[in-house]
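Naming: A, B, ... by sequence-line order, numbering from 1 per chain.
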Amino acid sequence: MNGTFTHKLLKQSLLTTTTHFPFPQNGFTLTSQQCGTMLQSFTNTKSFTKGQQLHAQMTTCGALRDNNYLNTKLAAFYASCGRMAEAQLIFDEIELKNSFLWNFMIRGYACSGCSLKSIALYREMFGFGWKTDKFTYPFVLKACGDLLLVEIGRKVHGEVVVSGLVSDIYVGNSLLAMYSKFGDMGMARMLFDRMLERDLTSWNTMISSYVKNENPKEALAIFYMMGKAGLSVDGTTLLGLLSACAGLMALKPGKALHCYVIRNRAEFSNKFLRNALIGMYSSCNSIAYARRLFDEVKLKDTVSWNSMISGYEQSGDAFESLRLFCKMFTEGAGPDEVTIVTVLGACGSITALQFGTSIHSCLVKKGFCVNTIVGTSLIDMYSKCGTLTCSRRVFDEMPEKNLVSWSAMVAGYGVHGKGREAIAIFHAMIAKNILPDEGVLTSVLSACSHAGLINEGRQIFHRMTTEYNVKPTSAHYSCLVDLLGRAGRLDEAYELIKSMKAIPTSDIWAALLSACRLHQNVNLAEILEQKVFEMNLKGVGSYICLSNIYAAEKRWDDVERVRAMVRRKGLKKPPGCSFVEVDKMVHRFLVGDRSHQQTEYIYSKLEDINQRLKEAGYKPDTSSVFYDVGEEVKEKMLWDHSERLAIAFALINTNPGTTIRITKNLRVCGDCHTVTKLISKLMCREIIMRDIHRFHHFKDGFCSCSDYW
DNA sequence: CTAGGGTTAG
């Protein structure tokens, strides 16, 4: 093969060339054009090995020397296989680079995780004055979107407009995707609305983008527009819509989609949709439906398990979540990072410390990478299980921390009443130039409130707007009200609420009411009663609080009025429920529970403790019993409380001196708090109890909350 | 050539 082809002559020459390359291995000979066609087909099918063999053969027979056409095809082949090192070498050797070659290189880098290189190459191409075409932009825009390079992305957008390619549907769709990755749904929507032509991808991009940008409502709106335009959907559309339903907790449209999937089973029977349906049902609090679907899936993959495990976890049934996790192993499925993170969350919510710890040690043993997300989950798990030192160890050993990791540590110190440590961590975070967000500020303010650090809390609240540029939300106001309220500055707290520009939410009023109970301020409570009645509270907490305040004054008529209101509104107090872990098994006790195997022992243990405490001068405080029954019955009801059952069970089944860790779903009642303090002294046990608000570390007859909770 | 799908942390 002699002679050098110039770019312009390339095509023509190929058509006229008759030179054949000998292929020694099989005796065939091929023309340059035939080689090119084969390369093209390997490029399209990403047949790397075959292409590589052809490359070797072409090198051996000298076909590549000075052959711009074949070298271009070869570079494109490597680029499409994601072998950018090989592609780049050939690319550098090619003198006459055409758009085809540039495009393949840009695509190769964009699709193999080197977006930055992809953009740089585009800049070079653009700078050389090469004509970009409709095949260039989709990848450049993808690269900008993936890297969140907003400025560069906008600039490229401008170049798209100048080039006149903006009306190309692929380019247009890529622009939509890019702006949605930037979180700029306004721009994406404007472009979408102005598109002359839209295909299914355009609609799907809008739907999944609205879902990702936490606007599921608009995602459904786009779907309705689609329906009006008489368009049909595909699997991608359905996945987006199912996520939207999950986000909106919209069971009805979710079910309708499920029906649609069933009716078109042939087309939509895939694991993605099955898992999305499981996720949708569990997000919509229809865990039983989710489970039914899950059980019907024959070939469960890790994601199926994860969806179901996290479904239980998020619907508050961590117990079942852990059971399913164990079942996962017996059925031969393997967990991944998502499983671990989900299960650690479940461990935290029911204080399964031994369970969580064994997962942690498995991770270490198996050399599983403890990355930021897993590390943060561990911090949270240990802190929720009452072992802050372990949280801190994980935190200190984490190679990379992000805002969430810092927040978890701040929140951990906070719920354990260690306000100073929480503030120290918060400031260490600031010193690392990490900008605080709403979440971490809520945690640090709540830490101040649990520890009674008034000045510090007020100072941080003030800095929110002046330094951190975070607008206080109702959660922050409620922390501050809580803080002032605990310190007895009820008037100041009330004034703060009145000074708010936004309408105070129910949790803010609840915080103030709770302070009224602590300081037994009946006058203010009477004023707040109206607020409590007006607001459509889903929980019964504020009513109980109000009732307790009146009960303490022995104003039984008022207690009855509050109780009547609860009945009228059809609210129910959720049953108290406590968890305690013994020998790697978590045991759950409901109030008055008699279902446990050891029930007889538990109740006789409680009777025994009751006797001993009474001898020591303990007098039951029945004021928190919400029901109108005789005093003796009330006293009995107190001894049925779930945390006492859990404590008694733990006392029976653990060695003397072992710390007892308990988690309760409600606030600990006054009498249980007193009794637990006494038990800690009487039985020489440290008892760490987490209630709905915070931790109580009981030791030697005292509690870390100093009786403010 | 574009979206490309499901499950995860404060």
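The backbone N or O of A/Ser383 lies less than 3.5 Å from a partner atom in the side chain of A/Ser391, making a donor-acceptor pair. Distance alone, capped at 3.5 Å, is enough to place a donor-acceptor pair between the A/Lys300 side chain and the A/Val297 backbone. Between the side chain of A/Arg463 and the backbone N or O of A/Tyr468 there is no donor-acceptor pair closer than 3.5 Å. Side-chain N or O atoms of A/Ser112 include one that pairs as donor or acceptor with a backbone N or O of A/Gly108 at under 3.5 Å.
Following rounding to the nearest Å, A/Trp406 (CH2) and B/dA9 (C1') show an atom-to-atom distance of 17 Å. Remark: P of B/dT7 and CG of A/Leu277 are 11 Å apart, rounded to the nearest angstrom. Put simply, CG on A/Asn103 is 14 Å from C1' on B/dT2, counting in whole angstrom units. In this structure, CG of A/Leu239 is placed 11 Å from P of B/dG4, rounded to the nearest angstrom. Remark: P of B/dG5 and CD of A/Glu267 are 18 Å apart, rounded to the nearest angstrom. Atom CG of A/Asn371 and atom P of B/dA9 are 13 Å apart (whole Å). Taking atom NE2 of A/His476 as the reference point, atom P of B/dG10 lies 16 Å away to the nearest angstrom. Here the P atom of nucleotide B/dG5 and the CD1 atom of A/Ile278 are 18 Å apart, to the nearest Å.
In this model, a donor atom of one side chain and an acceptor atom of the other lie less than 3.5 Å apart for A/His476 and A/Thr473. Between the side chains of A/Asn173 and A/Thr205, not a single donor N or O lies within less than 3.5 Å of an accepting N or O. If you check the side chains of A/Lys217 and A/Tyr210, you find no donor sitting under 3.5 Å from an acceptor. Residues A/Tyr137 and A/Thr132 bring a donor and an acceptor atom of their side chains to less than 3.5 Å of each other.
Using a 4.0 Å cut-off, some side-chain N or O of A/Lys212 falls inside it from OP1 or OP2 of B/dG4. Taking only side-chain nitrogens and oxygens, A/Ser310 comes nearer than 4.0 Å to OP1 or OP2 of B/dT8. For the OP1/OP2 pair of B/dT7 and a distance below 4.0 Å, the side-chain nitrogens and oxygens of A/Gln314 include no atom meeting the criterion.
Scanning residues 156-184 of chain A for heavy-atom distances under 4.0 Å to DNA chain B yields A/Tyr170, A/Asn173, A/Ser174, A/Ala177. Within residues 284-306 of chain A, the residues approached by DNA chain B to less than 4.0 Å at the level of any non-hydrogen atom are A/Asp301, A/Val303, A/Asn306, in residue-number order. Against DNA chain B, the stretch residues 198-208 of chain A makes heavy-atom approaches under 4.0 Å through A/Thr201, A/Asn204, A/Thr205.
Proximity of A/Leu445 to A/Thr442: side-chain heavy atoms (C-beta onward) are nowhere separated by under 4.5 Å.
Glycosidic conformation of B/dG4 is anti; the angle lies outside 90° of 0.
Legend: residues meeting side chain to side chain donor-acceptor pair (under 3.5 Å) with A/Ser118, ordered by chain and number and at least two apart, are absent. Scored by the side chain to side chain donor-acceptor pair (under 3.5 Å) test, A/Lys117 finds no partners at all (sequence neighbours excluded).
The side chain of A/Asp437 sits closest to B/dG10 out of B/dC1, B/dA3, B/dG10. Comparing B/dT7, B/dG10, B/dC1 against the side chain of A/Lys134 picks out B/dC1 as the nearest.
Only one option out of A/Tyr109, A/Trp102, A/Phe100 pairs with A/Phe91 in a ring pair (Phe, Tyr, Trp, His ring centres under 6.0 Å); it is A/Trp102.
Residue A/Asn270 places no side-chain atom within donor-acceptor reach of the base of B/dG5, judged by atom type and a 3.5 Å distance cut-off alone.
Backbone-only contact: A/Phe139 has heavy atoms under 4.0 Å from sugar-phosphate atoms and none from a base. No contact: A/Gly279 has no heavy atom under 4.0 Å from any strand. Nucleic acid contact for A/Arg107: sugar-phosphate only, since backbone atoms but no base atoms lie under 4.0 Å from a heavy atom of the residue.
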I'd like a table of donor-acceptor pairs (distance under 3.5 Å, sequence neighbours excluded) in which one partner is a side-chain atom from residues 340-353 of chain A, with atom names and distances.
from: A/Thr342; atom 1: OG1; to: A/Val338; atom 2: O; distance (Å): 2.7
from: A/Ser349; atom 1: OG; to: A/Ala346; atom 2: O; distance (Å): 3.0
from: A/Thr351; atom 1: OG1; to: A/Thr663; atom 2: OG1; distance (Å): 2.0

